[in-house]
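The structure under discussion appears below in the form of structure tokens.
In what follows, every heavy atom counts, from backbone to side chain, and hydrogens, waters and symmetry copies are set aside. No experiment lies behind these values; they were computed from the predicted model shown.
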Amino acid sequence: MKMSADFDLIKKTWEDFVLSGNIGNHIRKPIVDSWLRCQKAGLDPRALNRTPTVSEENFRKRLEQNQILLDVSIPFMVELQEFVNKSGFSTTLTDPNGVILELICDQSILSEAFTKNLVRGSIWNEHRAGTNATGLAIDLLQPIQVIGAEHYYECYHELTCSAAPILDANGKLLG
């Protein structure tokens, strides 16, 4: 099956789910489970979702609480972003609640990032942003990629996102 056919199949499956609740068997279990949680929570998949942002004071507290994580992670984020430079990617670091602490992205996608509220302080957990890689990595405590129409919100269907949890030595989620 060609890659474009896969995208088409995912989109068709999403449309069937939104219209009739039918899921079929073409979508991975973590995605299906997330869609069902989002539906149960009353999220409207066709809404133009704009994830909320924490207050400036709340954000400053989160930065202070996560200073060591930021100090260790930012050099790796810069290196990763240099590796994918001019490819339309962004690199984010969130806290365990999915709040973006740091964001590095190509200038070419800066306005699109703002449109999707992909900014420092915005909340990208499943409860606020529907099915997305950040939210799933937090919930599953494992790396995951979410492509196109696997996102719950239709407004994110042109995105492909990958995320991996950062755990401490005891398996506690740091970001």
Side-chain angles (χ1 to χ4, degrees), residues 30-31 33-45 47-84 88-148 150-175:
I31 302 296
D33 291 347
S34 177
W35 284 1
L36 292 170
R37 286 190 301 271
C38 291
Q39 183 183 54
K40 185 176 180 181
L43 303 181
D44 177 359
L48 181 57
N49 185 52
R50 187 162 168 83
T51 62
T53 305
V54 298
S55 71
E56 186 63 36
E57 180 182 338
N58 183 300
F59 183 67
R60 277 195 301 274
K61 285 180 184 175
R62 288 172 191 270
L63 289 178
E64 289 172 19
Q65 293 167 344
N66 292 284
Q67 193 58 57
I68 294 171
L69 176 64
L70 285 157
D71 291 345
V72 170
S73 300
I74 288 176
F76 290 102
M77 293 174 66
V78 168
E79 187 174 329
L80 176 60
Q81 194 61 35
E82 287 173 0
F83 181 73
V84 297
F89 283 92
S90 65
T91 305
T92 61
L93 176 68
T94 73
D95 72 3
N97 298 306
V99 175
I100 295 179
L101 301 174
E102 187 58 75
L103 166 74
I104 304 171
C105 70
D106 287 351
Q107 287 296 113
S108 63
I109 67 162
L110 209 47
S111 65
E112 184 179 348
F114 283 129
T115 301
K116 306 240 182 291
N117 212 27
L118 186 64
V119 295
R120 292 173 54 176
S122 60
I123 308 168
W124 284 82
N125 58 39
E126 183 182 274
H127 179 69
R128 298 297 189 165
T131 305
N132 70 88
T134 298
L136 283 172
I138 289 168
D139 290 347
L140 300 172
L141 295 179
Q142 66 185 34
I144 192 157
Q145 185 173 61
V146 177
I147 47 177
E150 288 182 328
H151 289 89
Y152 185 75
Y153 282 108
E154 187 173 30
C155 60
Y156 301 141
H157 283 185
E158 74 278 3
L159 302 178
T160 295
C161 304
S162 303
I166 301 171
L167 307 173
D168 71 10
N170 299 314
K172 178 184 171 198
L173 180 66
L174 299 175

Less than 4.5 Å apart, side chain to side chain, heavy atoms only: is that true for [X] and [Y]?
X      : Y      : answer
Val146 : Ile31  : yes
Val99  : Thr94  : no
Pro52  : Ser122 : no
Thr131 : Glu150 : no
Val54  : Lys61  : no
Lys40  : Leu36  : no
Ile104 : Leu80  : no

Requested in this report: Run the numbers on Trp124 and Asn132 for side-chain contact (heavy atoms from CB on, under 4.5 Å), then give the verdict.
Outcome: CA-CA 8 Å; Trp124 284 82; Asn132 70 88; 4.2 Å; yes
Ignoring hydrogens and geometry, is there a side-chain-to-backbone donor-acceptor pair from [X] to [Y] under 3.5 Å?
X      : Y      : result
Gln142 : Leu136 : no
Tyr156 : Ala129 : no
Trp35  : Gly130 : no

Query raised in the report: For residues 163-175, which residue pairs qualify under side-chain hydrogen bond (donor to acceptor under 3.5 Å, both in side chains), counting only residues two or more places apart or in two chains?
Result: none
Requested in this report: Decide yes or no on side-chain contact (heavy atoms from CB on, under 4.5 Å) for Phe59 and Thr53, but give the supporting numbers first.
Outcome: CA-CA 9 Å; Phe59 183 67; Thr53 305; over 6 Å; no
Requested in this report: Any chance you could lay out the side-chain contact (heavy atoms from CB on, under 4.5 Å) test for Leu173 and Leu167, step after step, and finish with the verdict?
Outcome: CA-CA 5 Å; Leu173 180 66; Leu167 307 173; 4.0 Å; yes
Return the minimal non-hydrogen interatomic distance between [X] and [Y], and the atom names on each side.
X      : Y      : value
Gln39  : Tyr152 : CA-OH, 3.4 Å
Thr134 : Gly98  : CG2-CA, 4.4 Å
Arg120 : Leu63  : NH2-CD1, 3.6 Å
Ala137 : Pro165 : O-CB, 4.0 Å
Tyr153 : Asp44  : CE2-O, 3.0 Å
Leu174 : Pro96  : O-CD, 3.2 Å

What is the distance from atom [atom1] of [X] to atom [atom2] of [Y], rounded to the nearest 0.5 Å?
X      : Y      : atom1 : atom2 : result
His127 : Thr51  : NE2   : OG1   : 12.5 Å
Asn97  : Ile138 : CG    : CD1   : 7.0 Å
Ser90  : Ile100 : OG    : CD1   : 7.5 Å
Leu69  : Arg62  : CG    : CZ    : 13.0 Å
Ser73  : Ile68  : OG    : CD1   : 11.0 Å
Asp95  : Ile123 : CG    : CD1   : 9.0 Å

Query - Candidate pair Glu56 and Arg60, rule salt bridge (Lys or Arg N to Asp or Glu O under 4.0 Å), full reasoning - result: CA-CA 6 Å; Glu56 186 63 36; Arg60 277 195 301 274; 3.7 Å; yes
Query raised in the report: Within a radius of less than 6.0 Å around CD of Glu57, do more than 12 heavy atoms belonging to other residues, nucleotides or ligands occur?
Result: no
Query raised in the report: Looking just at side-chain N and O atoms, do Ser34 and Glu126 make a donor-acceptor pair shorter than 3.5 Å?
Result: yes
Query raised in the report: What do the steps show when you test Gln81 against Met77 for side-chain contact (heavy atoms from CB on, under 4.5 Å), and what is the final call?
Result: CA-CA 6 Å; Gln81 194 61 35; Met77 293 174 66; over 6 Å; no
